[in-house]
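Comments concern the structure below.
FYI, side chains are in, hydrogens and waters are out, and symmetry mates aren't considered; it's all heavy atoms of this structure. Starting from 1, each residue takes its place in the sequence as its number.
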Amino acid sequence: MKVRTITQVALMTAILIILGLIPGIPIGFIPLPIVLQNLGVMLAGALLGSKKGTLAVFSLLVLVALGCPFLPGGRGGIAVFIGPSCGYLLSYLLCPLIMGKSLDLFSNKKMLVDFAIIWIIGVVFINVCGAIGLTISTGMTFWKALLSVLVFIPGDTIKSIAAVLIFEKLRTNAVFKSSI
């Protein structure tokens with residue numbers, strides 16, 4: 001691995017950790033809070049692409065599995081991978097992979113196209129996976145779980161807009177230009 005790649009992955013992992021240290025906002029009717037960490041996941045896929053973005057998220061998830069309290073609310077340990085957020089954590093790993101490939105294939109440097117890709121993968125895909133995980137971990141029906149995660153859509157849409165604006169501003173920055 002090149003030093004540039006290691007630096008980019010480490011920087012994005014640090015951003016993911018910092019966003020995870022910001023406490024989530026509990027909703028009350030489902031066991032999942034509103035968090036900022038998924039903004040970092042969107043940025044990982046958009047700025048670093050599929051390989052490096054997935055590696056950054058994978059690094060975060062390995063640290064969490066080892067017990068580091070890098071998820072909102074100071075959560076960490078292997079148990080979070082079988083709890084209510086299990087679907088979100090799995091989608092976090094897949095999101096940069098799919099987003100990076102999609103941006104490579106379909107992005108034509110138009111903000112609306114980039115927004116559509118980031119929103120579909122960073123909001124819709126993540127929340128559908130979250131609903132599946134909620135169904136598996138709590139026994140809630142899929143439709144009830146899907147309906148309950150709809151509360152995240154407005155906030156996640158704002159995060160996806162922020163991700164697009166950051167991506168558009170930094171896509172040509174030397175720190176994030178891809179060299180592999």
Side-chain angles (χ1 to χ4, degrees), residues 1-25 33-78 80-81 85 88-107 109-111 113-123 125-127 129-130 152 155-180:
M1 254 195 221
K2 294 182 180 179
V3 172
R4 178 188 229 26
T5 300
I6 293 169
T7 304
Q8 290 171 328
V9 169
L11 176 64
M12 188 55 67
T13 304
I15 290 169
L16 288 164
I17 290 169
I18 290 166
L19 290 171
L21 295 176
I22 298 170
I25 301 168
I34 296 172
V35 299
L36 284 178
Q37 201 160 38
N38 54 349
L39 170 62
V41 173
M42 292 181 220
L43 288 172
L47 288 173
L48 296 184
S50 60
K51 291 178 186 176
K52 293 185 278 186
T54 302
L55 187 56
V57 173
F58 180 73
S59 300
L60 169 74
L61 295 178
V62 167
L63 291 169
V64 167
L66 292 173
C68 296
F70 295 152
L71 295 178
R75 296 176 309 121
I78 201 75
V80 298
F81 293 95
S85 60
Y88 285 98
L89 296 176
L90 177 61
S91 71
Y92 282 7
L93 187 60
L94 297 174
C95 179
L97 180 69
I98 299 167
M99 187 179 293
K101 291 288 185 191
S102 299
L103 285 169
D104 286 345
L105 287 174
F106 301 111
S107 181
K109 307 290 189 259
K110 297 211 176 176
M111 191 179 285
V113 174
D114 294 341
F115 171 73
I117 292 168
I118 290 172
W119 187 80
I120 290 168
I121 298 163
V123 177
F125 174 74
I126 286 178
N127 281 300
C129 290
F152 297 121
D156 288 350
T157 298
I158 292 168
K159 289 181 249 180
S160 69
I161 291 168
V164 169
L165 293 174
I166 293 167
F167 172 59
E168 294 296 327
K169 189 70 173 171
L170 295 179
R171 85 163 64 206
T172 58
N173 189 300
V175 172
F176 295 106
K177 278 191 178 175
S178 183
S179 59
I180 62 168

If you measure from the Lys or Arg side-chain nitrogens to the Asp or Glu carboxylate oxygens, is any gap between Lys159 and Asp156 under 4.0 Å?
yes
What is the minimum heavy-atom distance between Val80 and Ser85, and which atoms define it?
O-OG, 3.7 Å
Within this structure, what is the CE-CH2 distance for the pair Met42 and Trp119, rounded to the nearest 0.5 Å?
11.0 Å
Output yes when a side-chain donor or acceptor of Arg75 lies under 3.5 Å from a complementary backbone atom of Pro72, and no otherwise.
yes
As an exercise, state the distance from CG of Leu39 to CD1 of Ile166, rounded to the nearest 0.5 Å.
5.5 Å
Derivation and outcome, side chain to side chain contact (heavy atoms under 4.5 Å, CB included), residues Asn38 and Tyr88:
CA-CA 9 Å; Asn38 54 349; Tyr88 285 98; over 6 Å; no
From Leu61 CG over to Cys68 SG, what is the distance, rounded to the nearest 0.5 angstrom?
12.0 Å
Separation of Asp104 CG from Ile117 CD1 (nearest 0.5 Å)
9.5 Å
Flag, side chain of Thr13 to backbone of Leu60, donor-acceptor distance under 3.5 Å:
no
From Ile17 CD1 over to Leu19 CG, what is the distance, rounded to the nearest 0.5 angstrom?
10.5 Å
Checking the side chain of Gln37 only, and the main-chain atoms of Phe70 only, is there a donor and an acceptor separated by less than 3.5 Å?
yes
Closest approach of Gly53 to Pro96 (non-hydrogen atoms, all atoms of both residues)
C-CB, 3.5 Å
Just so I know, are the side chains of Phe125 and Leu94 near enough to count as touching, which here means a heavy-atom distance under 4.5 Å?
yes
Look at atom CZ of Phe58 and say whether more than 12 heavy atoms of other residues, nucleotides or ligands are closer to it than 6.0 Å.
no
Looking at Ser50 and Thr54, what are the two nearest heavy atoms and their distance?
O-OG1, 2.6 Å
Check Gly24 against Val35 and note the closest heavy-atom contact, atom names and distance.
CA-CG1, 4.1 Å
Can a donor-acceptor pair be found, under 3.5 Å and without considering hydrogens, that links the side chain of Ser160 to the backbone of Thr157?
yes
The single option from Asp114, Ile121, Leu47 passing side-chain contact (heavy atoms from CB on, under 4.5 Å) against Leu103:
Asp114
Looking at CG of Leu43 and CE of Met12, how far apart are the two atoms once the value is rounded to the nearest 0.5 Å?
5.5 Å
Any side-chain heavy atom of Ile25 within less than 4.5 Å of one from Pro33?
no
Looking at Gly40 and Leu16, what are the two nearest heavy atoms and their distance?
C-CD2, 3.3 Å
